[in-house]
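Shown next, in structure tokens, is the structure this report addresses.
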Protein chains: 2
Amino acid sequence: MPKSHRKAQTGPPEPIHRIKADFFRTLGHPTRVRILELLRDGELTVGELQTKLEIDSSGASQHLGAMRRQGLLDSRRAGTSVYYRVRDPRTFQLLETARQLISSHLEETHALLGELDDSGEAPRKVGTKG
Amino acid sequence: MPKSHRKAQTGPPEPIHRIKADFFRTLGHPTRVRILELLRDGELTVGELQTKLEIDSSGASQHLGAMRRQGLLDSRRAGTSVYYRVRDPRTFQLLETARQLISSHLEETHALLGELDDSGEAPRKVGTKG
DNA sequence: CATTAATCTTATCATTTTCTAAGATATGCT
DNA sequence: AGCATATCTTAGAAAATGATAAGATTAATG
């Protein structure tokens, strides 16, 4: 039915979906994904993470802070050091499911590349220019 | 050990983590999360999604395209309409795990709020200003 | 209290993402 | 072909995000 151009947003911005989107967006940075993987085997200090990630203290603090605010990480202080750890082990399950999804998409993509020589033409889906 | 400021990135930007981050970033928008939830019970046309989401065709196409490129969605054309569906059901498992993680964080946050009246002061974690 | 080490914060700028508007393509129909 | 509907693409403005640099806190130690 919708045919015309320009149609403005109307209702409230669906806060539930915004919360979920914020959660995923927090995971949407290579350094932050790496931090989670580094913390798979237990807690590490900011300094240790800094070294492994090869970033400065500002970057480390900012990324860690974002993930702590999002509830992904927990921290405790010991002297001048601060240890971070993953708060909920289900976070790793999430990462694993994501890995599977990405993996099967990559395989599919790879399979399609092979068909370029075989079955006549590229089996283009809608919107994929040939 | 690291004490000094400024330390530049050195090695390659870890493409594996970039790929994972891109995946999560694709999920990092309220409209895109909503699209996945709307497609939980099966495929819908762009026009149907447009109506339910109250967005214009440009926005719909852009979001759908991003998710199709990421391998989250699949599409098929039927006449002038295009039907979109979620490619892999594990995507819903991912959403469910995310929901659980968000939920338990919200509960924790809520519990902390309650303590403001009881146990003297706000039990501030590292870095939370009082 | 001064010093040092570790972490956090703020400000600014560059980059990326999203929104909006306009138009281009594709399909079906007469 | 000409027209209508649905979807996609592009371009530029606006908003959000990330990188960098400088400095502020916090805690331990002499």
Side-chain angles (χ1 to χ4, degrees), chain A residues 1-10 13 18 21-22 24-35 44-51 53-70 73 75-84 124-130, chain B residues 1-10 13 17-18 21-22 24-33 35 44-51 53-70 73 75-84 124-130:
Chain A
M1 279 53 163
K3 66 154 189 189
S4 69
H5 280 300
R6 75 221 70 162
K7 178 166 193 183
Q9 300 280 38
T10 31
R18 176 113 88 114
D22 288 346
F24 285 120
R25 196 174 299 196
T26 300
L27 295 171
H29 191 290
T31 298
R32 295 197 286 268
V33 170
R34 266 189 95 191
I35 287 172
L44 291 175
T45 68
V46 177
E48 289 167 335
L49 286 166
Q50 230 175 285
T51 300
L53 296 166
E54 302 186 274
I55 60 178
D56 62 22
S57 75
S58 175
S61 272
Q62 286 174 166
H63 287 304
L64 290 168
M67 291 201 283
R68 186 164 48 64
R69 264 175 261 121
Q70 188 51 251
L73 300 182
S75 62
R76 75 182 171 88
R77 174 154 232 145
T80 64
S81 297
V82 176
Y83 285 84
Y84 278 85
R124 45 179 283 204
K125 299 280 182 175
V126 173
T128 301
K129 262 187 194 146
Chain B
M1 287 6 186
K3 67 156 188 184
S4 68
H5 280 301
R6 77 219 68 159
K7 177 164 192 183
Q9 298 280 37
T10 32
H17 300 105
R18 175 115 85 115
D22 287 347
F24 285 120
R25 196 175 301 190
T26 300
L27 294 172
H29 191 290
T31 299
R32 295 197 286 269
V33 170
I35 287 172
L44 291 175
T45 68
V46 176
E48 289 167 335
L49 287 166
Q50 232 175 284
T51 300
L53 297 165
E54 303 187 271
I55 60 178
D56 61 21
S57 75
S58 174
S61 272
Q62 287 175 164
H63 287 304
L64 291 167
M67 290 201 283
R68 186 161 50 61
R69 263 176 262 121
Q70 188 52 253
L73 301 183
S75 62
R76 74 181 171 88
R77 176 153 230 144
T80 64
S81 297
V82 175
Y83 285 85
Y84 277 85
R124 44 178 286 206
K125 298 279 185 176
V126 173
T128 301
K129 259 182 200 154

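Lettering of chains follows the sequences in order, A, B, ..., and the numbering in each one begins at 1.
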Before giving the answer on side-chain contact (heavy atoms from CB on, under 4.5 Å), spell out for Leu73(A) and Ile35(A) the whole-Å C-alpha distance, their side-chain angles and the decisive distance to 0.1 Å. CA-CA 10 Å; Leu73(A) 300 182; Ile35(A) 287 172; 4.3 Å; yes
Any N or O donor-acceptor pair linking the side chain of Ser58(A) to the base of dA19(D) at under 3.5 Å?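 Per atom types, no contact qualifies.
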What about Ser57(B): does its side chain form a donor-acceptor pair under 3.5 Å with the base of dC8(D)? yes
Any side-chain heavy atom of Leu64(B) within less than 4.5 Å of one from Val82(B)?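 With C-beta onward as the side chain, the pair stays apart.
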Rounded off to whole Å, could you give me the [atom1]-to-[atom2] distance for the [X] and [N] pair?
X        : N       : atom1 : atom2 : answer
Glu48(B) : dT7(D)  : CD    : P     : 8 Å
Ile55(A) : dC8(C)  : CD1   : C1'   : 13 Å
Met67(B) : dT17(C) : CE    : P     : 16 Å
Gln50(A) : dT20(D) : CD    : P     : 14 Å
Asp56(A) : dT9(C)  : CG    : P     : 15 Å
Arg77(A) : dC8(C)  : CZ    : C1'   : 9 Å
Leu53(A) : dA19(D) : CG    : C1'   : 15 Å
Leu64(A) : dA19(D) : CG    : C1'   : 16 Å

DNA chain D: Ala78(A) or Arg69(B), which has the more 5' nearest nucleotide? Arg69(B)
When all nucleic acid strands are considered with a 4.0 Å heavy-atom cut-off, which category describes Ser61(B): base, sugar-phosphate, or nothing?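 Counting heavy atoms under 4.0 Å across all strands, the contact made by Ser61(B) includes a base.
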Once you apply a heavy-atom cut-off of 4.0 Å, does Thr45(A) come out as touching a base, just sugar-phosphate, or nothing? sugar-phosphate
Table of protein N/O atoms under 3.5 Å from nucleotides 16-18 of chain D N/O atoms:
{"residue": "dT17(D)", "atom": "OP1", "partner": "Arg25(A)", "partner atom": "NH1", "Å": "2.9"}
{"residue": "dG18(D)", "atom": "OP1", "partner": "Arg32(A)", "partner atom": "NH2", "Å": "3.0"}
{"residue": "dG18(D)", "atom": "O3'", "partner": "His29(A)", "partner atom": "NE2", "Å": "3.4"}

Where is the tightest heavy-atom contact between [X] and [Y], given as atom of each residue plus distance?
X        : Y        : value
Thr31(B) : His63(B) : CG2-CD2, 3.7 Å
Arg32(A) : Thr26(A) : NE-O, 2.6 Å
Val46(B) : Ala60(B) : CG1-CB, 4.1 Å
Pro30(B) : Ala21(A) : N-CB, 3.3 Å

Candidate nucleotides dG28(C), dA6(C), dT10(C), ranked by approach to the side chain of Thr80(B) - the nearest: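 Per side-chain heavy atoms of Thr80(B), the pick is dG28(C).
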To the side chain of Val46(A), which of dA21(C), dC8(D), dC8(C) is closest? dC8(C)
Taking the six-membered ring for Trp, are Phe24(A) and Phe24(B) parallel (under 30°), tilted (30 to 60°) or perpendicular (over 60°)?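 It falls in the parallel class, under 30°.
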Check whether any side-chain N or O of Tyr84(A) sits under 4.0 Å from OP1 or OP2 of dC8(C), and answer yes or no. yes
